[in-house]
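What follows is a set of notes on a single structure, which appears directly below.
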Protein chains: 2
Amino acid sequence: MERSLRLEHQICFQLYTASKELTRLYRPILAPLNLTYSQYLVMLVLWEEDGIDLRRLGSRLTLDSGTLSPLIKRLIQIGYVEKSRAIDDERKIVVYLTERGNTLREQASDVPLQVSGMLNIDEATYVAYMEMLTDIKTRLHDFGERQREQ
Amino acid sequence: MERSLRLEHQICFQLYTASKELTRLYRPILAPLNLTYSQYLVMLVLWEEDGIDLRRLGSRLTLDSGTLSPLIKRLIQIGYVEKSRAIDDERKIVVYLTERGNTLREQASDVPLQVSGMLNIDEATYVAYMEMLTDIKTRLHDFGERQREQ
DNA sequence: ATAATTTAAATTGTGCACAACTTAATTGTT
DNA sequence: AACAATTAAGTTGTGCACAATTTAAATTAT
């Protein structure tokens, strides 16, 4: 186990930079769609679950209302989504795709392929990496559980 | 290769959330040291290379002056570092540890152990994960090289 | 030597990310 | 039914992260 304070030996630092650099790769790809990376993630969720409420959207992306409220406001301004109160629960805000938001899906359909092409990564490696990341998150959640038990 | 638009299948999303959640784990650990996560990364570099110039600091952390200038200003306010112009090149800003900044190193020395304990990860897995993350970054850099060649 | 180019920081502006707080609707309790 | 507790969004404030621009110093070319 690496217990020194050397920057390059910290797994957190490697995760942090890998994430930042991969996000940087997305920027020029998403620019023509007029989306930031975070906005793209929100659109991914909406293309799966149109009419999702803000709370559920936040739990899927691990983002709170402080991040999502202004972000959704910007997506509304661009014209990709709309929001309204839920009929069954007036506290909830439900987010919908507009016509343009739906059309955008087709324009975005080749983004994943473009990115994996840039990464030049084979199927087996890709799967292994996904498993590693899932495992890291599982360990983090397990720790959270252990904490809550005490 | 995952080429669909499903959120959970995107390696970028898994990296992004893993990084965010691991950073969240650091917050309560770093709070007693009066440091944010990014400030902690800067301190890690300074504990390795005291008197580093801002440009080199930025290249080690992949951060530009727009992020580092105000961040260093805050570290100066706290009293952990000081800055001055380089004597050989007046354009360069050199960052130094103060007495307190040096003392902090000992207080921070058990942070990596605390974190790996929370992750509950064994040596072999840790090393494998570090290699994967390094590999992802290598692929990203390789793509950058290929781009520059054209 | 002087002008043009390059380099290093700082600044400005935008958009996350999150903690802390506010407001309003819903649910639970008595 | 009336009150308390909980829940959902929104708001405010702080601190990154980064693009684009500015300012000043150093380097290079002429």
Side-chain angles (χ1 to χ4, degrees), chain A residues 12-13 15-28 30-31 34-43 52-78 80-81 83-95, chain B residues 12-13 15-28 30-31 34-43 52-78 80-81 83-95:
Chain A
C12 64
F13 173 67
L15 261 178
Y16 161 83
T17 44
S19 174
K20 273 204 313 177
E21 289 175 30
L22 188 50
T23 305
R24 196 188 338 268
L25 199 67
Y26 275 81
R27 258 189 287 275
L30 296 178
N34 207 9
L35 288 176
T36 65
Y37 179 71
S38 303
Q39 289 166 3
Y40 171 68
L41 294 182
V42 167
M43 294 305 289
I52 196 175
D53 67 87
L54 218 61
R55 169 128 184 81
R56 177 157 165 73
L57 182 60
S59 85
R60 287 200 61 185
L61 298 172
T62 43
L63 291 173
D64 69 2
S65 64
T67 304
L68 281 178
S69 290
L71 193 157
I72 295 295
K73 199 183 283 181
R74 276 173 222 117
L75 286 178
I76 292 170
Q77 280 165 358
I78 303 172
Y80 290 154
V81 308
K83 71 175 182 181
S84 65
R85 293 269 161 201
I87 27 168
D88 59 311
D89 188 338
E90 288 281 322
R91 290 171 304 183
K92 290 185 180 170
I93 287 285
V94 182
V95 186
Chain B
C12 63
F13 173 66
L15 260 178
Y16 161 82
T17 46
S19 174
K20 274 204 313 177
E21 290 175 31
L22 188 50
T23 305
R24 196 189 335 270
L25 198 69
Y26 274 81
R27 257 189 288 274
L30 297 178
N34 207 9
L35 288 176
T36 66
Y37 179 71
S38 302
Q39 289 165 3
Y40 171 66
L41 293 182
V42 168
M43 294 305 290
I52 196 175
D53 67 89
L54 217 61
R55 169 130 184 81
R56 176 155 166 75
L57 182 59
S59 84
R60 287 201 61 184
L61 298 171
T62 44
L63 291 173
D64 68 3
S65 64
T67 303
L68 282 178
S69 290
L71 193 157
I72 295 295
K73 199 181 283 181
R74 276 172 222 117
L75 286 178
I76 292 170
Q77 279 165 359
I78 302 171
Y80 291 155
V81 307
K83 71 175 184 182
S84 63
R85 293 269 162 200
I87 26 169
D88 58 312
D89 187 338
E90 287 282 322
R91 290 171 304 181
K92 289 187 183 171
I93 288 285
V94 183
V95 185

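To find a chain, count down the sequence lines: A is the first, B the second, and so on, and within it residues start at 1.
- The aromatic rings of A:Tyr26 and A:Tyr40 sit tilted relative to each other, their planes meeting at an angle between 30° and 60°.
- Between the CZ atom in A:Arg74 and the OG atom in A:Ser69 there is a gap of 10.5 Å [rounded to 0.5 Å].
- Taken residue by residue, residues 53-64 of chain B places heavy atoms nearer than 4.0 Å to DNA chain C at B:Asp53, B:Leu54, B:Arg55.
- Residue A:Leu57 comes nearest to A:Ile52 through the heavy atom pair N-CD1, 3.7 Å, listed as atom of the first residue, atom of the second, then distance.
- Taken to the nearest 0.5 Å, the NZ atom of A:Lys20 stands 3.5 Å off from the OG1 atom of B:Thr62.
- The stretch residues 66-77 of chain A touches DNA chain D through A:Gly66, A:Ser69, A:Lys73, each having a heavy atom under 4.0 angstrom from the strand.
- Counting only heavy atoms from C-beta outward, the side chains of A:Ile93 and A:Arg85 approach each other to under 4.5 Å.
- Distance CD1/A:Ile72 to CD/A:Gln39: 9.0 Å, rounded to 0.5 Å.
- Residue whose closest nucleotide on DNA chain D sits further toward the 5' end, between A:Ile93 and A:Lys20: A:Ile93.
- Rounding to the nearest 0.5 Å gives a distance of 8.0 Å between CG of B:Leu41 and CG of B:Leu63.
- Summarising the geometry, the separation between CG on B:Leu30 and C1' on C:dC18 is reported as 15 Å, rounded to the nearest angstrom.
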Reading nucleotides 23-29 of chain C from the 5' end, what letters show protein touch, with B for base, S for backbone sugar-phosphate only, - for no heavy atom under 4.0 Å?
--BS---

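- Looking only at side-chain heavy atoms (C-beta outward), A:Leu54 and A:Lys83 stay at 4.5 Å or farther from each other.
- Separating the CG atom in B:Asn34 from the OH atom in B:Tyr80 is a distance of 5.0 Å, to the nearest 0.5 Å.
- The residue B:Ser65 sits close to a base: some heavy atom pair falls under 4.0 Å.
- Residues that satisfy the salt bridge (Lys or Arg N to Asp or Glu O under 4.0 Å) test with A:Arg91, not counting sequence neighbours, are A:Asp89.
- Applying the salt bridge (charged side-chain N to carboxylate O under 4.0 Å, His left out) rule to pairs touching residues 59-72 of chain B yields A:Glu8-B:Arg60, B:Glu48-B:Arg60, B:Glu49-B:Arg60, sequence neighbours excluded.
- In this structure, B:Leu75 and B:Met43 have side chains that are in contact, with non-hydrogen atoms separated by less than 4.5 Å.
- If you take CG on A:Leu71 and OG1 on A:Thr36, they are separated by 6.0 Å, rounding to the nearest 0.5 Å.
- In 5' to 3' order, the nucleotides of DNA chain D bounding all contacts with chain A (an atom under 4.0 Å from a heavy atom) are D:dT7 to D:dA19.
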